[in-house]
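Residue numbers begin at 1 in each chain, while the letters A, B, ... track the order of the sequences. The analysis underlying the following values was restricted to heavy atoms, covering all of them including side chains, and did not include hydrogens, waters or symmetry mates.
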Amino acid sequence: MSMYHEYIIHIDGDSFFAACEIAQYPHLKGLPVVVGQERGIATAFTYEAKALGITRGMPIFKIKKFFPEVIILPTHFELYKMYSQKMSNILRRYLRVVEDYSIDECFGLIENDHAHTWEDVCTLAQTIKIALQKETGITFSVGVGRTKVLAKIASKAQKPDGLTIISDRDEEMVLSQTPISKVWGIGYRTAPTLKQKGITNALQFRNLPEEYIMRTFTKPLQELWHEMHGTRIFDIGHSDNDPKSLQATRTFFPMSTDREIVFSELSKNIETACARMRRYGLLTSSVIFFVKTSEFKYFGREFRFPFFTDNPIDILDSIRPLFDAVFVKGLRYRATGVTLSHLRPFNKCEQDIFGTQKEVHDRGKLMDTFDRIRDLYGKNSIFLGASMHAMTRNRQREILDESTPYQWNLPVPFMGEVL
DNA sequence: TCTGGGGTCCTAGGACCC
DNA sequence: TCTGGGGTCCTAGGACCC
């Protein structure tokens, strides 16, 4: 039997963060492990922890109280990125076209060169799955289908450590067993709408007539319908795209009614976002910030720059008046955040015609120095004076938590030209 | 799940132009 | 000043994802 079209493979790391910890520290194997200590809620956990009754988002204090045998770890993002890279590299050994979709998921295109027959497809998927496990020590759930949507449905069908290959003949069966709310692209708003129309599983949706779909739904659902029929709409993207926007938000504790404390939380987020932007070699010309009240109400403003910048001091100077206009005395705030958008690569930005060129240059050097000090002495080693309140408040919380080792490098506030 | 953090894409509708 | 028709660009906000 010859293969008459290409297939897509989707791989998905099982309990990825927890699995990385266990791969790195094998003595934890077989134990109930929960990741997410610093956030205060369970972010990821092993199947042993799940078996005890741990659920996503469960507060850490509750876990400590009711399941004292559980091992609780902080999130080690750099470690997970390493394993993510490994996963991607392994897949790239077998396939030419691979998309790193998220930290724990990849898509790959199985081309005719890689597999001539249906049996070849199955063998290849099996080989990839085994290589992944052998070389990372983590199990993966693997799915194969004609499109991205079908491959996603396949990898989800059996978890953990599953391998589901949907042949054209099996599609109806698998789809009929997939609740519509579990389909990639159907969220909490759309699922109830479809249910109202009597559509509860993926097959029912796929069986709706095309003419009805086009008349009733907008582009996202139309595309989904085509993908379910095996028409490839979503291509495998290539992974090294620059981000289009970049944000940093943080909930702080305790909540505060103090203008300067809230502003310094925002300042810290702006520093974080700018540091990341500089690492990507990008500049921004549009800043949106927000504050979030104790009642989860958002208030925000946007500021457009007539030039491009990667400098937090520029941003802080510009938004301070807007912040003061938005801040309401007497309200309690729990979080702040900032989004930088309209990003451009550093070298493509025209300087503005007059004046600020030299100043921008000098500040550029200043931020280089900033970044180097951070690289050498750690993320908290240097920060703007405007972020001072936030940095010292957060340190107090760290020191209070006896499980966090004390860090010897003292924070040095940078009393810059700000404010 | 009384609510963490970081993204992308789509669409309706306003502003502006001929 | 009002009415007709057609087009582009931009933004706010919704919905979804991991």
Side-chain angles (χ1 to χ4, degrees), chain A residues 10-18 34-44 53-63 74-75 77 80-81 84 87 99-107 141 148-149 152-153 155-156 159 180-194 217-224 227 233-235 237 239 241-253 255 265 268-269 272-273 275-277 279-280 282 284-290 292-304 333-343:
Chain A
H10 178 246
I11 64 175
D12 188 344
D14 299 318
S15 322
F16 191 68
F17 291 1
V34 170
V35 176
Q37 184 176 44
E38 79 291 343
R39 274 176 55 188
I41 58 167
T43 303
I54 309 273
T55 55
R56 233 195 72 180
M58 186 180 275
I60 295 294
F61 77 87
K62 214 168 164 181
I63 297 174
T75 315
F77 255 101
Y80 315 147
K81 276 188 204 154
S84 181
M87 158 178 82
E99 174 183 353
D100 301 324
Y101 179 68
S102 74
I103 195 159
D104 64 338
E105 292 179 39
C106 286
F107 287 101
S141 293
K148 273 185 157 182
V149 168
K152 267 282 228 185
I153 286 174
S155 68
K156 235 178 183 172
K159 272 185 174 197
I180 192 69
S181 59
K182 300 284 181 209
V183 173
W184 190 37
I186 305 284
Y188 79 110
R189 292 284 300 174
T190 309
T193 311
L194 293 174
F217 301 115
T218 53
K219 196 172 170 188
L221 257 67
Q222 294 174 2
E223 292 181 330
L224 199 60
E227 282 260 323
I233 307 287
F234 305 140
D235 280 329
S239 312
N241 284 340
D242 283 335
K244 297 189 169 62
S245 72
L246 205 150
Q247 70 177 298
T249 75
R250 202 66 53 183
T251 301
F252 48 88
F253 184 85
M255 289 185 268
E265 291 290 345
K268 191 184 68 171
N269 285 330
T272 305
R276 269 168 49 209
M277 192 167 57
R279 210 170 319 130
Y280 284 118
L282 299 172
T284 184
S285 67
S286 164
V287 177
I288 301 164
F289 72 89
F290 71 82
K292 193 193 224 178
T293 69
S294 57
E295 316 223 283
F296 290 86
K297 292 222 165 60
Y298 291 82
F299 299 97
R301 286 285 187 279
E302 176 173 15
F303 186 85
R304 296 298 187 88
Y333 295 92
R334 59 160 16 233
T336 69
V338 63
T339 299
L340 309 176
S341 56
H342 296 80
L343 303 177

Exercise for the section: Quick one: closest heavy-atom pair of A:Thr190 and A:Leu221, and the distance? Expected result: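 In this case the closest contact between A:Thr190 and A:Leu221 is CG2-CD2, 3.8 Å.
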
Between [X] ([atom1]) and [N] ([atom2]), how many Å, whole number?
{"X": "A:Leu343", "N": "B:dG6", "atom1": "CG", "atom2": "P", "result": "15 Å"}
{"X": "A:Lys148", "N": "C:dC17", "atom1": "NZ", "atom2": "C1'", "result": "12 Å"}
{"X": "A:Arg189", "N": "B:dT11", "atom1": "CZ", "atom2": "P", "result": "16 Å"}
{"X": "A:Leu194", "N": "C:dA15", "atom1": "CG", "atom2": "P", "result": "13 Å"}
{"X": "A:Phe77", "N": "B:dG4", "atom1": "CZ", "atom2": "P", "result": "16 Å"}
{"X": "A:Glu223", "N": "C:dC16", "atom1": "CD", "atom2": "P", "result": "15 Å"}
{"X": "A:Gln222", "N": "B:dT11", "atom1": "CD", "atom2": "P", "result": "8 Å"}
{"X": "A:Phe290", "N": "B:dT3", "atom1": "CZ", "atom2": "P", "result": "16 Å"}

Under 4.0 Å between a side-chain N or O of [X] and OP1 or OP2 of [N]?
{"X": "A:Arg304", "N": "C:dT11", "value": "yes"}
{"X": "A:Thr249", "N": "B:dG6", "value": "yes"}
{"X": "A:Ser245", "N": "B:dG6", "value": "no"}
{"X": "A:Lys219", "N": "B:dT8", "value": "no"}

If you check every side-chain atom of [X], which of [options] has the closest atom?
{"X": "A:Arg334", "options": "B:dC10, C:dC18, B:dG4", "value": "B:dG4"}
{"X": "A:Lys292", "options": "B:dG4, C:dA12, C:dC17", "value": "B:dG4"}
{"X": "A:Thr218", "options": "B:dG4, C:dC17, B:dT11", "value": "B:dT11"}
{"X": "A:Ser102", "options": "C:dC18, C:dT11, C:dC16", "value": "C:dC18"}
{"X": "A:Pro220", "options": "C:dC16, B:dG4, B:dT11", "value": "B:dT11"}
{"X": "A:Lys244", "options": "B:dG6, B:dT11, B:dC9", "value": "B:dC9"}

Exercise for the section: Apply the test side-chain hydrogen bond (donor to acceptor under 3.5 Å, both in side chains) to residues A:Ser286 and A:Ser341: give CA-CA distance (whole Å), side-chain angles for both, the deciding distance (0.1 Å), then the verdict. Expected result: CA-CA 5 Å; A:Ser286 164; A:Ser341 56; 3.3 Å; yes

Practice task
Evaluate the side-chain proximity of A:Phe17 to A:Ile103: yes if any heavy-atom separation is below 4.5 Å, no if none is.
Solution key: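 SC-SC contact between A:Ile103 and A:Phe17 confirmed.
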
Handout entry: 4.5 Å side-chain heavy-atom contact, A:Val338 and A:Leu340
Key =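 Touching, per the 4.5 Å side-chain cut-off.
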
Exercise for the section: Have a look at A:Glu105 and tell me which of A:Lys156, A:Lys148, A:Lys152 forms a salt bridge (Lys or Arg N to Asp or Glu O under 4.0 Å) with it. Expected result: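 In the set A:Lys156, A:Lys148, A:Lys152, the residue that makes a salt bridge (Lys or Arg N to Asp or Glu O under 4.0 Å) with A:Glu105 is A:Lys152.
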
Would you classify [X] as touching base, sugar-phosphate or nothing, given that sugar-phosphate means primed atoms plus P, OP1 and OP2, and contacts are heavy atoms under 4.0 Å?
{"X": "A:Thr339", "answer": "nothing"}
{"X": "A:Ala335", "answer": "nothing"}
{"X": "A:Val338", "answer": "nothing"}
{"X": "A:Thr43", "answer": "nothing"}
{"X": "A:Ile103", "answer": "nothing"}
{"X": "A:Lys152", "answer": "sugar-phosphate"}

Practice task
Name the orientation class of the two ring planes belonging to A:Phe107 and A:His10 (parallel below 30°, tilted from 30 to 60°, perpendicular beyond 60°).
Solution key: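 Tilted.
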
Practice task
For A:Phe303, look at atom CZ and say whether over 12 heavy atoms of other residues, nucleotides or ligands are found less than 6.0 Å away.
Solution key: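 More than 12 within 6.0 Å, yes.
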
Problem - Spacing of the C1' atoms in B:dC17 and C:dG4 (rounded, Å) - result: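 Pairwise C1' distance, C:dG4 against B:dC17, rounds to 15 Å.
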
Problem - Under 5.5 Å and under 30°: A:Trp184 stacked on C:dC17 - result: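 Stacking between A:Trp184 and C:dC17: absent.
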
Problem - First encountered from the 5' end of DNA chain B, between A:Arg56 and A:Arg39 - result: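 The residue closer to the strand's 5' end, by nearest nucleotide, is A:Arg56.
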
Practice task
For A:Gly57 and for A:Thr272, locate the closest nucleotide of DNA chain B by heavy-atom distance; then report the residue assigned to the nucleotide nearer the 5' terminus.
Solution key: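 In this pair, the answer is A:Gly57.
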
